[in-house]
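Letters A, B, ... are given to chains in the order of the sequence lines, protein chains preceding strands, and every chain is numbered from 1.
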2 protein chains.
Amino acid sequence: MITIGQLAGYVGVSIKTIRVYHDKGLLQEPDRDASGYRRYGANDAIDLIKIRTLAEAGVPLARIRDLRSATNEEFRQALREIEDELTDRIRGLRATQGRLRQLAAGCLAPLPTEVGAHLEHLARWGFTPRWADLQRDLWILVFATHPDHAITLFHDQAETLADPALRQLFLDYDHAHDLDADDPRIDDLARRIAEATRERYGLDEPPELDAASDIPALIQRTVNASSPAWQRLDTLIRAQRDA
Amino acid sequence: MITIGQLAGYVGVSIKTIRVYHDKGLLQEPDRDASGYRRYGANDAIDLIKIRTLAEAGVPLARIRDLRSATNEEFRQALREIEDELTDRIRGLRATQGRLRQLAAGCLAPLPTEVGAHLEHLARWGFTPRWADLQRDLWILVFATHPDHAITLFHDQAETLADPALRQLFLDYDHAHDLDADDPRIDDLARRIAEATRERYGLDEPPELDAASDIPALIQRTVNASSPAWQRLDTLIRAQRDA
DNA sequence: CTGCAACCCTGCCCTTGGGGAAGGGTCAAG
DNA sequence: CTTGACCCTTCCCCAAGGGCAGGGTTGCAG
């Protein structure tokens, strides 16, 4: 009949942990000796080892307690579920590890240099600083969240801006910021942009982020928020595109 | 400039989490708009994503906060450490998974049937119920903690008991329980047991559990505790063996 | 025989990483 | 003008223990 300290030392848990398991009804309170010390037998050690195995697998103590009164078949079933959860968690951790590595690789270069260069071009092409800042934020966000997809998108964008006619559309977009929301030039611009988009990408979808991502919407909302004219422009373009 | 809810929804955390990160100094409090709402920009989103990546890797928030003011080289170093820790944790989880499977396999059979049969033999051979119970506890413990080694040990033990002369030694051990601690028959028995052990295993070590395990000591302590005579017997045997 | 160190007991508060509700202000759409 | 969806702060709650106080036991060494 061993003491709580021996049991703890052997199974590799703290004394406190054992007492907590008693309190929560996971491990049966053993008999006490004459001086009130808990005295454990081999069965207690075995129970504790089982409990620990489950607890280390991340099973909440309450669930372990409930499992104590489960039938054997329920218990097996629960074990299968727990194992699956564990597999998922391991997969999750590996994914996290991957993101961690990306973070390590990118911690010095928030943006590729070509993007920086591109952003400097913007001013020379006549874009406002406001536009350039917006673009910078946008690309930071895209590169941070979709590191593998971002560069493709960026090249597409850079290519678009290299064409003077298309660039003019973006310049107009930029300068529409301060127009009234009901200025007819906005309708005209929306028409021209929708047309150019169709011409450039045909009926194919333009390159986009992950379908599951709501980044585009987020970005667009951010953009729209700063000007009613832009807000209206966005609405019109969508209407034309979906027509 | 997005609101806290948008930021949260986008990065995939709860609003509360963001506020906690503000409180703990992980994420800088952004400016408020006219109505006191927090307004976030793209940089905040990026910071939050980084923080989340670290937090999901299990890094304590306090450490993440400290990392904010680390130099770039320190940061890289920390990332390496974190990745290693993560690798360890994944390994640990896989080990747990293995133990879980053993638990699933063994949940119906705490002891192999041959062990059960062996224990029933004990009574017929003249061992006391006390001895049989002790043996049962012992084997439960050994099988639970060293599932791969246990069967070997058990076979060795069963083989020993199959020999009537050796079995008599164990019977004497059993019945020595109620002798006085200074009974001379104990000295005699200790001598005979030590001799038989040498004869059976020669100078080789007798089969044992893991060197790192303190189970044998635990078991022996448990055994000794129930009788001063056994206690002395154990002392004498050790003395003879180590001589 | 008497220290004294090493155990054990209970009870209480502390921590981490948030969750959830209370109580109140804001915003946009119908 | 109301309604629902946001946002604000403050407060309490949870799991799974850690740690300490204040007090009793044991075993071993001098």
Side-chain angles (χ1 to χ4, degrees), chain A residues 1-27 29-40 44 48 51-67 89 92 96 181 217-218 221-222 224-225 228 231-232 235, chain B residues 1-27 29-40 44 48 51-66 89 96 181 218 221 224-225 228 231-232 235:
Chain A
M1 283 305 185
I2 62 176
T3 69
I4 196 171
Q6 292 173 299
L7 179 63
Y10 161 53
V11 178
V13 308
S14 74
I15 290 179
K16 176 73 175 216
T17 300
I18 295 179
R19 290 208 266 246
V20 167
Y21 290 172
H22 287 318
D23 284 355
K24 308 218 167 179
L26 286 179
L27 188 64
E29 279 273 6
D31 294 339
R32 310 292 182 111
D33 67 10
S35 58
Y37 290 10
R38 295 177 179 87
R39 290 297 173 161
Y40 298 89
D44 298 309
L48 183 54
I51 292 169
R52 254 339 251 181
T53 305
L54 292 171
E56 274 163 21
V59 182
L61 300 194
R63 193 169 163 202
I64 299 179
R65 183 192 48 219
D66 296 346
L67 243 46
R89 280 240 311 282
T96 298
L218 174 66
R221 260 198 307 265
T222 311
N224 289 346
Q231 165 95 48
R232 185 158 136 66
T235 311
Chain B
M1 284 305 187
I2 63 176
T3 69
I4 196 172
Q6 292 174 298
L7 178 62
Y10 161 53
V11 178
V13 307
S14 74
I15 290 179
K16 176 70 174 221
T17 300
I18 295 178
R19 290 206 267 247
V20 167
Y21 290 172
H22 287 316
D23 284 354
K24 308 219 166 178
L26 286 178
L27 188 63
E29 279 273 4
D31 294 338
R32 308 291 181 111
D33 67 9
S35 57
Y37 291 11
R38 295 177 178 87
R39 289 297 174 161
Y40 297 89
D44 297 310
L48 182 53
I51 291 169
R52 251 341 245 179
T53 305
L54 291 172
E56 274 163 21
V59 183
L61 301 194
R63 192 169 164 203
I64 299 179
R65 182 193 49 219
D66 297 345
R89 280 239 310 282
T96 299
L218 175 66
R221 261 198 307 265
N224 289 346
Q231 166 94 48
R232 184 157 139 65
T235 310

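- Side chains of B:Ile18 and B:Tyr40 form a contact here, defined as non-hydrogen atoms less than 4.5 Å apart.
- Within 4.0 Å (heavy atoms only), A:Arg19 reaches at least one base atom of the nucleic acid.
- Side-chain atoms of A:Leu7 and A:Thr3, non-hydrogen and from C-beta on, never get closer than 4.5 Å to each other.
- When the side chain to side chain contact (heavy atoms under 4.5 Å, CB included) test is applied to B:Ala55, the partners found at least two apart in sequence or on another chain are B:Tyr21, B:Arg52, B:Leu61, B:Ile64.
- Among the protein residues, A:Arg32 comes within range of the sugar-phosphate backbone only, with heavy atoms under 4.0 Å from sugar or phosphate atoms but none that close to a base.
- By the side-chain hydrogen bond (donor to acceptor under 3.5 Å, both in side chains) test, A:Thr17 pairs with A:Ser14, sequence neighbours left out.
- In this structure, A:Thr96 OG1 and A:Arg89 CZ are separated by 11.5 Å, a value rounded to the nearest 0.5 Å.
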*Reading 5' to 3' through nucleotides 13-26 of chain D, protein heavy-atom contacts under 4.0 Å coded B for base, S for sugar-phosphate only, - for none*: ---SBBB----BBS
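- Using a 4.0 Å cutoff to heavy atoms of chain A, the contacted part of DNA chain C runs 5' to 3' from C:dC7 to C:dC12.
- Side chain of A:Glu56 to main chain of A:Thr53: no donor-acceptor pair is present (N/O by atom type, distance under 3.5 Å, no hydrogens or angles).
- Counting to the nearest Å, the C1' atom of D:dC7 and the CD1 atom of B:Ile2 are 14 Å from each other.
- A search for side chain to side chain contact (heavy atoms under 4.5 Å, CB included) contacts involving B:Arg19 returns B:Ile4, B:Ile15, B:Arg38, not counting sequence neighbours.
- With sequence neighbours left out, A:Asp33 forms a side chain to side chain contact (heavy atoms under 4.5 Å, CB included) with A:Ser35, A:Tyr37, A:Arg39.
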